[in-house]
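Heads up: the structure comes next, in structure tokens.
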Amino acid sequence: MKVLVAVKRVVDYNVKVRAKADGSDVDLNNVKMAINPFCEIAVEEAIRLREAGVATEVIAVSIGDKSCQEQIRTSLALGADRGIQVETEGAVEPLVVAKLLKGVIEKEQPQLVILGKQSIDGDNNQTGQMLGALTNMPQGTFASELVVDGDKITVTREVDGGLQTLSLNLPAIVTTDLRLNEPRYASLPNIMKAKKKQMDVYSPADLGVEPKAHLTTLKVEPPPERKAGIMVASVEELVDKLKNEAKVIS
Ligand code: AMP
């Protein structure tokens, strides 16, 4: 079984994001970039399926400019077998990503496609669902457990207030939630080995897609600065301030 995993290059989750001075976008100058954490979970799950003898090949695909090859190499160091970069310029919207992934699926014919549930930069939570619609493949989103059984996959989903278990026919699309697994770290020998693994580069035209922008970012602004707190001398003073200044109690 071939597994395709979509990995996105995003700002590292430890970085405090800054807006550009003109408010046109997020400032990515000298900012540490990483694999989107939900995509890391997707890579880990695919590798575990291969280690369990369920998957035969894991392919990591990323869409972006040349710099996203770094995240493909990291996926290869974690254990993916080969990589695919779809070369695009500038930011790509979920619909374009989904169309390009559909093109890769048509070329590679994977039985399982694993994506993160959400990219932490755009917070879109759209690509997996759009890909499901475009390919007509069944989808299990927000997966916290996966079990492949013959030509079916059982997906446990984290929904409000509990868990839902679905059975999907393969080929299928799954998006990962936080509790699916705990990703491993890449070892130094595996980082070295990853340099020799195959990485193909496609253009959108190779996949029959013309990237079109449907959205325009109007403004990016940081959250309002929080005012410093004050110390009160007594419970009476606190109650008085809550009542008469903040007016949150009566
Ligand atoms: P989003 O819909 O942007 O929240 O992203 C959900 C998931 O779609 C991500 O976790 C990735 O698995 C995949 N994805 C989104 N953008 C890209 C991209 N540029 N390259 C590869 N995968 C992507």
Side-chain angles (χ1 to χ4, degrees), residues 3-13 17 25-26 28 33-47 49 58-76 78 80 82-105 107-108 110 112-135 137 139-144 146 155 157-158 172-181 183 199-204 206-207 209 211-215 217:
V3 182
L4 187 73
V5 187
V7 293
K8 186 176 183 190
R9 174 181 170 89
V10 297
V11 173
D12 186 282
Y13 71 95
V17 174
D25 208 341
V26 169
L28 295 181
M33 304 295 282
I35 297 187
N36 182 50
F38 293 106
C39 303
E40 230 176 345
I41 295 172
V43 173
E44 176 67 32
E45 197 63 19
I47 297 164
L49 287 171
V58 175
I59 306 162
V61 53
S62 191
I63 293 157
D65 63 19
K66 211 170 174 11
S67 57
C68 76
Q69 290 192 2
E70 193 187 334
Q71 280 59 47
I72 299 175
R73 285 284 167 220
T74 307
S75 310
L76 297 175
L78 290 168
R82 68 188 162 91
I84 295 175
Q85 181 213 353
V86 183
E87 176 100 37
T88 56
E89 279 166 29
V92 269
E93 297 168 12
L95 183 58
V96 173
V97 174
K99 286 181 180 172
L100 293 168
L101 289 175
K102 178 175 179 256
V104 176
I105 290 171
K107 264 190 192 294
E108 294 289 345
L112 180 62
V113 184
I114 314 182
L115 300 90
K117 74 164 180 184
Q118 192 169 353
S119 35
I120 62 163
D121 52 0
D123 270 352
N124 302 313
N125 177 12
Q126 294 174 9
T127 309
Q129 294 88 328
M130 287 179 169
L131 186 60
L134 291 174
T135 58
M137 283 159 76
Q139 54 171 307
T141 52
F142 306 170
S144 60
L146 297 185
V155 180
R157 307 184 58 231
E158 298 201 348
I173 294 167
V174 169
T175 72
T176 62
D177 213 328
L178 207 58
R179 277 163 288 276
L180 181 60
N181 61 49
M199 188 184 323
D200 296 314
V201 180
Y202 296 135
S203 68
D206 293 336
L207 303 170
V209 177
K212 268 194 224 130
H214 303 84
L215 306 169
T217 303

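Sequence positions, counted from 1, serve as the residue numbers for this chain. One-based numbering, in listed order, for ligands and for the atoms of each. The figures here come from the full heavy-atom set of this structure, side chains too, leaving out hydrogens, waters and symmetry mates. Predicted model only: the values in this text are computed from it and were never measured.
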CD1-CD1 distance between Ile105 and Ile173, expressed to the nearest 0.5 angstrom = 5.5 Å

Here the atoms of ligand 1 under 4.0 Å from any heavy atom belonging to Asn125 are 1 (P), 2 (O), 4 (O)

Taking only non-hydrogen atoms of Asn36 and a 4.0 Å limit, the atoms of ligand 1 in range are 10 (O)

Where Gln71 and Arg9 come nearest, the two heavy atoms and their spacing = OE1-NH1, 2.9 Å

Of all the non-hydrogen atoms in the protein, which one sits nearest to atom 14 (N) of ligand 1, and at what distance?
-> Val97 CG1, 4.0 Å

Which protein heavy atom lies closest to atom 7 (C) of ligand 1, and at what distance to 0.1 Å?
-> Gly116 O, 3.2 Å

Salt bridge or not for Asp121 and Lys8, using N-O below 4.0 Å?
-> yes

I would like to know whether Val104 and Ile59 meet side-chain contact (heavy atoms from CB on, under 4.5 Å); could you show each step before the answer?
-> CA-CA 10 Å; Val104 176; Ile59 306 162; over 6 Å; no

Identify the protein heavy atom lying closest to atom 15 (C) of ligand 1, giving its residue, its atom name and the separation to 0.1 Å.
-> Thr127 OG1, 3.7 Å

Going from CD on Gln85 to CD on Glu70, what distance comes out if it is rounded to the nearest 0.5 angstrom?
-> 12.0 Å

Counting each atom of ligand 1 from 1 as listed, which ones have a heavy atom of Leu115 under 4.0 Å away?
-> 8 (O), 12 (O), 13 (C)

Charged N to carboxylate O under 4.0 angstrom, Glu158 versus Lys117?
-> no

Give a yes or no on whether the backbone of Ser62 and the side-chain of Gln69 come within a donor-acceptor separation of less than 3.5 Å.
-> no

Distance from atom 16 (N) of ligand 1 to nearest protein heavy atom, with residue and atom | Lys8 CD, 3.3 Å

Looking only at non-hydrogen atoms, which of Val43, Ile63, Asn124, Val86 approaches atom 20 (N) of ligand 1 most closely?
-> Ile63

Is there a nitrogen or oxygen of Asp123 sitting under 3.5 Å from a nitrogen or oxygen of ligand 1?
-> no

Any chance you could measure Ile35, atom CD1, to Ile41, atom CD1, to the nearest 0.5 Å?
-> 11.5 Å

Report, in ascending order of atom number, the atoms of ligand 1 lying under 4.0 Å from any heavy atom of Val7.
-> 20 (N), 21 (C), 22 (N)

For atom 11 (C) of ligand 1, what is the nearest protein heavy atom, given as residue, atom name and distance?
-> Cys39 SG, 3.4 Å

Thr176 (side chain) donor-acceptor with Ala143 (main chain) under 3.5 angstrom | no

Under 3.5 Å between some N or O of ligand 1 and some N or O of Ala6?
-> yes

Out of Ala42, Gly122, Ser119, whose heavy atom is nearest to atom 5 (O) of ligand 1?
-> Ser119

